[in-house]
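So the structure is just underneath, and the comments pick up after that.
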Amino acid sequence: MTTVTLAPMEGVVDVYMRDLLTHLGGIDLCVSEFVRVSQNLYPASVFYQYCPELKTGGKTSAGTPVHVQIMGGEPTVMAENAAFVAELGAPGIDINFGCPAKTVNRRDAGATLLQWPDRLHNIVDQVRKAVPAEIPVSAKMRLGFSEKSLALENAQAIAAAGASKLTVHARTKLEGYRAPAHWQYLRPIRDALDIPVVANGEIWTVPDFDKCLEVSGCEHVMIGRGIIARPSLAVEIAAHQTQVEQEVAFEWARILQLVTEYHIGLKDMANETRQAGRLKQWIKLLGRTYQESPELFSHIKRLRDPGEINGILEQELRALPN
Ligand SMILES: Cc1cc2nc3c(=O)[nH]c(=O)nc-3n(C[C@H](O)[C@H](O)[C@H](O)COP(=O)(O)O)c2cc1C
C-alpha cells in the first residue's frame, strides 16, 4: 500500500497542525520543520521546540511518528546532533538537501549541496554511522540546484551512504515552487535505487496522486500544500486505495471546525501576532479548495487578538445552516 507522508513545511506544519491533521487519518508519517545545524551541538530544548512530540514517544497524539529533520553542510556536526536527537527519542532522522532559501544556501546548507554528490554522501554516511542502526536515517532532495543533470548521481550517493529512504521533490532549487513538478525525472531514480523513493510535489487531488504514481513509478508519496489546502486529501487517498466509494471530502462546516480547533491549539504558541499569522496563512491556503475561505479571511485579516478572532470564528460557526 502506498504510504502518505505529511511534508515538512517551515512555519506551516507545526506541532499543532501535525496533531490536527494526523487525527483526521490517512497520514502515515510526519517530518518536523528543519532544524538548522551549523556549528554546535544543540541543547535538548532546541529539538523539543521543533519537535515537541519527542516528549511523547516521537509520535503525535494520534500515534503518527514524527521524524526530525536536520539541515547543514558540516558532516561532523550533523552527525553529532543526529546522535543526540536519536538519544532524545526521535523515531527517525531526515536530512534536508532541498531548502531553496538564499540565506540557507549562502551558508552552505540545503539545496546548494546538490552541486556536490560526494558531499551528500559524506553527510549521510557520517549521520548514518552516528545513529543507532534501528533508527532510520533518510534524506529529502530536489532534482538539482540550477539544473537536473546530477539528479541520479545525487540520489545514488545518498543511497550508497546508507539512507533507508529518499524523498525527491520533483523540481530544482531554481524552479522554486512553480508548477509543474517534473515527476518523470523520478522514474530513473526509482529504477536505480534499492531503497524506497518517495515522490513529492504538486499533488493536490486524488487524480494528481494517481498520475504522480503512474508517471514517477514510485510507490510512496509525500504531500505538503495539497493537504494543507484540502485537509481531507490523505483520507480521500486512503479511501481511494481501499476502493471505498464514499464521499470523504470535507464540507466547509467541517473545515470551519478544524480552523477553530487549530486556533485553540495555537494558544500555547508564544506571541499572539505569530498565532494570528499562522491561522491567516492556513485560511488563505484553504482558499484553493473552499470558496468560503476568502470571505473568512477578509473578516480576520486585520485582527491579531485571539479573543476577537475567536469571536469571528464562533459567529461563523453559528451562521452555518443546521
Ligand atoms: C512554506 C513552506 C515551507 C517548507 N519547509 C520545508 C522544510 O522545513 N523542510 C523541507 O524539507 N521542505 C520544506 N518545504 C518543501 C515541502 O516539504 C515540499 O517539498 C514542497 O512544498 C513540494 O510539495 P507540495 O507540492 O506537496 O507542497 C517547504 C515548503 C513550503 C511551501
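When a ligand or atom number is given, it counts from 1 through the structure's own listing order. We use all heavy atoms of the structure for the numbers below, so side chains are in, but hydrogens, waters and symmetry mates are not.
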List ligand 1 atoms under 4.0 Å from [X], heavy atoms only on the residue side.
X: E10; result: 1 (C), 3 (C), 4 (C), 5 (N), 6 (C), 8 (O)
X: A7; result: 17 (O)
X: N96; result: 9 (N), 10 (C), 11 (O)
X: E202; result: 24 (P), 25 (O)

Please indicate whether any nitrogen or oxygen in [X] is less than 3.5 Å from any nitrogen or oxygen in ligand 1.
X: I223; answer: no
X: K140; answer: yes
X: E33; answer: no

Would you check whether G11 reaches within less than 4.0 Å of ligand 1, judged by its heavy atoms?
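Contact check G11 vs ligand 1: negative.
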
How close does the nearest protein non-hydrogen atom get to [atom], and which residue and atom is it?
atom: atom 26 (O) of ligand 1; answer: G224 N, 2.8 Å
atom: atom 21 (O) of ligand 1; answer: Y177 CE2, 3.6 Å
atom: atom 23 (O) of ligand 1; answer: N200 ND2, 3.0 Å
atom: atom 9 (N) of ligand 1; answer: Q69 OE1, 2.8 Å

Is the Y290 ring parallel, tilted or perpendicular to the W252 ring (thresholds 30°, 60°)?
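Tilted, since the angle between the ring planes falls between 30° and 60°.
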
Side-chain heavy atoms under 4.5 angstrom apart, residues restricted to Ile, Leu, Val, Met, Phe, Trp, Tyr: same cluster for I223 and M141?
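I223 and M141: separate clusters.
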
Spell out, yes or no, whether F47 and L29 are grouped together once hydrophobic residues are joined by side-chain heavy atoms under 4.5 Å, including indirect joins.
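They do not share one cluster, since no chain of ILVMFWY contacts under 4.5 Å joins F47 to L29.
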
Restricting to side chain to side chain donor-acceptor pair (under 3.5 Å), what partner residues turn up for R36, sequence neighbours left out?
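Side chain to side chain donor-acceptor pair (under 3.5 Å) check on R36 returns nothing, list empty.
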
Can you name the salt bridge (charged side-chain N to carboxylate O under 4.0 Å, His left out) partners of E80, sequence neighbours left out?
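Scan of E80 (salt bridge (charged side-chain N to carboxylate O under 4.0 Å, His left out), adjacent residues dropped) gives none.
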
Do [X] and [Y] sit within salt-bridge range, that is, some charged N less than 4.0 Å from a carboxylate O?
X: K148; Y: E175; answer: yes
X: R230; Y: D208; answer: no
X: D125; Y: K129; answer: yes

